[in-house]
Amino acid sequence: MRLSQSLIPTLKETPSDAQITSHRLMLRAGMIRQTASGIYAWLPTGHRVLSKIAQIVREEQDAAGAQEMLMPTIQSADLWRESGRYDAYGKEMLRITDRHERELLYGPTNEEMITVLVRDSIKSYRDLPQLPYHIQWKFRDEVRPRFGVLRGREFLMKDAYSFDVDYAAALIVYKKMMLAYMRTFQRLGITAIPMRADTGQIGGDLSHEFHVLAPTGESGVFYDAAFETGNALAETEIESFYEQMTTIYAATDEKHDTVLWDKIPDERRREGRGIEVGQIFYIGKKYSESMNFAMTGADGQKFFPEMGCYGIGISRLVGAIIEARHDDAGIIWPDAVAPFKAAILNLRQGDAATDGICETLHARLGADGLYDDRDERAGAKFADADLMGHPWQIIVGPRGAAKGQVELKRRATGERSELSVQDALAQVLG
RNA sequence: CGGAGCGUAGCUCAGCUUGGUAGAGCGCUAGCUUUGGGAGCUAGAAGCCGGAGGUUCGAAUCCUCUCGCUCCGACCA
């Protein structure tokens with residue numbers, strides 16, 4: 001993509017309504033624009049990141065055996081009256097009336113809808129287990145939206161729902177999902193820690209929240225340093241993985257247990273802030289019972305399926321990753337989610353040698369390259385590239401161009417090296 | 001929902017106390033010079049001062065109402 005023809009409006013100054021780092025950087029890097037309180041438009045680079053995160057989440061969900069589908073954003077109030085949550089949910093739910101005075105709502109979550117869809121679609125306990133998911137926009141009319149996409153009213157979420165014949169089977173899915181989540185966050189280039197959590201509105205009695213460590217996080221977190229090493233992930237046998245994840249201490253301040261905490265050796269105790277990027281719940285029969293999802297089991301007895309639900313805040317992750325990975329100059333994207341692998345910086349626009357090399361690079365990098373072909377000075381290009389946080393910068397200046405050389409800069413480390421065009425491409429693409 | 005603020009040019013903001021008809025820096029347009037970390041000079045364009053009422057000879061400025069946004073708290077993927 002050519003920067004001169006892109007809708008990537010970078011800002012030199014910080015818009016006054018952005019207080020926290022990720023929000024400021026997302027606005028300055030031209031990723032998003034606010035269109036109403038807690039509601040954002042995703043401009044091309046922001047949208048690319050969002051899509052890349054969604055794709056990684058999708059791949060890991062699929063690998064865990066979940067099936068992707070898509071439910072609507074608008075739901076009928078009647079659906080929620082069945083579960084009794086229409087009145088219980090309160091003002092956070094955005095209620096809408098259509099032209100026929102029918103009551104609708106913009107879905108804040110999908111337990112009711114999926115329960116009805118599965119209930120009306122499967123015929124026998126032999127059709128269980130089911131594990132559908134979708135990636136869809138949600139709306140929760142937060143009293144106080146803030147922190148940019150970290151607490152918006154409209155947000156993109158992956159939500160999966162499990163239906164099983166009994167508790168044992170439901171628990172296996174719960175464990176699988178925990179593993180899938182840890183793999184997902186690892187692929188996204190961040191450290192997330194599973195912490196025992198309350199179940200809140202959703203209901204049920206077993207739940208973990210996944211927190212990304214960042215100084216600006218909304219929750220206080222306490223954890224054992226063992227989580228920092230990432231060793232647990234090497235363990236892929238599900239039972240021992242789950243055993244490790246749930247025995248090594250980690251809790252948000254709400255669930256903090258000082259007795260257990262005191263048993264951890266001093267040097268392994270870690271206290272910090274976390275951003276919640278996902279949560280998994282075992283919810284049992286709350287919805288299957290309230291929505292009359294009963295089936296006949298192998299023993300001829302009626303039973304209600306055991307459910308679980310599993311969410312990942314995809315739009316929130318964009319902000320969370322930035323909170324965890326930035327410096328004074330801007331964003332430092334993990335390779336896996338960067339909007340572009342590399343920026344091509346033409347330091348002398350209009351110079352035959354630099355133009356030629358840049359065009360070659362641009363052609364070879366394809367969609368992974370952002371060619372800064374603007375008629376700007378070097379300093380402006382460096383500053384914008386650092387701000388946007390591309391993992392690599394290929395700097396093409398007149399001096400090097402004369403020798404057929406370019407400079408390759410790694411954003412995360414600041415390392416630079418002079419290379420031939422081919423070697424630079426090999427490093428970026430390799 | 002309680003408390004506190006803010007809406008003036010694309011962005012950051014000054015002007016408001018003490019009413020006299022709109023400013024700066026950056027950005028934008030054109031030209032020249034410059035060219036490896038956000039250049040210099042010259043010339044320009046650009047604002048119904050969030051909206052509606054009111055007071056006044058006269059309102060960005062004072063008063064009332066309203067809409068929007070932000071921050072602190074309670075709540076929360």
Side-chain angles (χ1 to χ4, degrees), chain A residues 9-20 23-24 27-28 30 33-39 57 89-93 107-111 135-160 181 192 197-202 207-212 218-219 252 254 274-281 309-320 328-330 345-351 354 372 374-387 393 395-401 405-407 409 414 416 418:
Chain A
T10 58
L11 302 172
K12 216 160 145 180
E13 287 180 280
T14 302
S16 56
D17 50 359
Q19 299 300 318
I20 73 161
H23 191 197
R24 285 204 299 260
L27 288 167
R28 288 195 50 213
R33 286 297 182 262
Q34 180 168 319
T35 60
S37 178
I39 303 179
V57 169
Y89 217 93
K91 289 191 163 180
E92 249 187 41
M93 179 186 279
T109 178
N110 286 65
E111 283 82 10
I135 294 173
Q136 177 65 293
W137 292 93
K138 306 290 187 290
F139 194 93
R140 294 184 191 173
D141 199 0
E142 294 281 344
V143 200
R144 192 177 156 214
R146 63 186 127 169
F147 306 146
V149 300
L150 290 177
R151 181 160 298 286
R153 292 193 292 171
E154 186 185 54
F155 56 96
L156 187 61
M157 182 165 115
K158 184 284 298 180
D159 41 324
Y181 274 37
D198 283 322
T199 51
Q201 276 279 10
I202 309 283
S207 179
H208 284 84
E209 289 178 354
F210 296 78
H211 284 261
V212 173
E218 286 191 81
S219 321
T252 60
E254 292 168 342
I275 301 169
E276 185 191 340
V277 292
Q279 185 165 13
I280 57 179
F281 302 82
C309 78
Y310 317 88
I312 292 181
I314 295 189
S315 49
R316 174 180 281 185
L317 267 166
V318 179
D328 290 345
L345 307 189
N346 189 345
L347 298 193
R348 187 73 65 86
Q349 205 68 41
D351 175 273
T354 60
D372 191 345
R374 296 173 302 172
D375 187 18
E376 287 289 347
R377 298 174 62 88
K381 295 192 179 190
F382 288 134
D384 272 343
D386 286 347
L387 173 64
Q393 294 171 18
I395 301 159
V396 185
R399 291 201 291 271
Q405 298 240 302
V406 297
E407 188 178 329
K409 175 181 161 185
R416 298 153 178 270
E418 290 238 350

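Below, all heavy atoms of this structure are taken into account, side chains as well, without hydrogens, waters or symmetry copies.
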*Say you pick atom C1' in B:C26 and the same atom in B:A9; how far apart are they, in whole Å?*
12 Å
_Closest listed nucleotide, where the reference is the side chain of A:R399 and the choices are B:G38, B:U12, B:G36_ = B:G36
_Separation of the P atoms in B:U42 and B:C11, to the nearest angstrom_ = 27 Å
*Side chain of A:R146, base of B:U70: donor and acceptor closer than 3.5 Å?*
no
*Residue A:V143, side-chain heavy atoms: nucleotide from B:C69, B:G36, B:A74 that is nearest*: B:A74
*Who is the Watson-Crick or G-U wobble partner of B:C71, with both distances under 3.5 Å?*
B:G3
*Please work out if A:G311 contacts a base, only the sugar-phosphate, or nothing of the nucleic acid, heavy-atom cut-off 4.0 Å.*
nothing
*Spell out yes or no: do the side chain of A:R28 and the base of B:G38 have one donor N/O and one acceptor N/O closer than 3.5 Å?*
yes
Considering only nitrogen or oxygen atoms on both sides, find all protein atoms under 3.5 Å from nucleotides 24-33 of chain B and state each distance.
residue	atom	partner	partner atom	Å
B:G25	N2	A:E13	OE1	3.1

*Any idea which of B:A39, B:C75, B:G36 is nearest the A:R416 side chain?*
B:G36
*Which nucleotide in the set B:C69, B:G37, B:U35 lies at the smallest distance from any side-chain heavy atom of A:R377?*
B:U35
*From B:C75, B:C69, B:U12, pick the nucleotide closest to the side chain of A:P15?*
B:U12
_A:Q136 and A:D159: side chain donor to acceptor below 3.5 Å_ = no
_Taking the P atom in each of B:G51 and B:G73, what is the distance between them to the nearest angstrom?_
33 Å
*Using the P atoms only, state how far B:C48 lies from B:U61, rounded to an integer number of Å.*
16 Å
_Taking A:Y310's backbone N and O only, do any of them form a donor-acceptor pair with A:K158's side chain (distance below 3.5 Å, no angle check)?_
yes
*Can you tell me, in whole Å, how much space there is between the C1' of B:A22 and that of B:C67?*
24 Å
*Taking the same atom, C1', in B:G10 and in B:U66, what whole-Å distance lies between them?*
27 Å
*Minimum-distance nucleotide to A:I395 side chain [options: B:C71, B:G36, B:C69]*: B:G36
*For B:C65, which nucleotide is its Watson-Crick or G-U wobble mate, given both distances must be under 3.5 Å?*
B:G51
_Pairing check on B:U56: which nucleotide meets the Watson-Crick or G-U wobble criteria with it, both distances under 3.5 Å?_
none
*At under 4.0 Å between heavy atoms, what does A:A378 touch on the DNA or RNA strands: base, sugar-phosphate, or nothing?*
sugar-phosphate
_If you only use heavy atoms from C-beta on, which nucleotide in B:G38, B:G36, B:U34 is closest to the side chain of A:E407?_
B:G36
Which atoms of nucleotides 65-68 of chain B (N or O only) lie under 3.5 Å from a protein N or O atom, and what are those distances?
none

*Which distance, rounded to the nearest 0.5 Å, do you find between the OH of A:Y181 and the NE2 of A:H208?*
13.0 Å
*Give none if B:G36 has no partner; otherwise give the nucleotide forming a Watson-Crick or G-U wobble pair with it, both distances under 3.5 Å.*
none
*What nucleic acid atoms does A:K91 come within less than 4.0 Å of, heavy atoms only: base, sugar-phosphate, or nothing?*
sugar-phosphate
*asked:* As a test of reading the structure: which of B:G36, B:U70, B:C75 is closest to the side chain of A:D17, going by heavy atoms?
replied: B:U70
_Work out how far the P atom of B:A24 is from that of B:G15, and round it to whole angstrom._
15 Å
*Quote, to the nearest angstrom, the C1' distance that separates B:C13 from B:U8.*
9 Å
*Mind checking who B:G44 pairs with, Watson-Crick or G-U wobble, both distances under 3.5 Å?*
B:C28
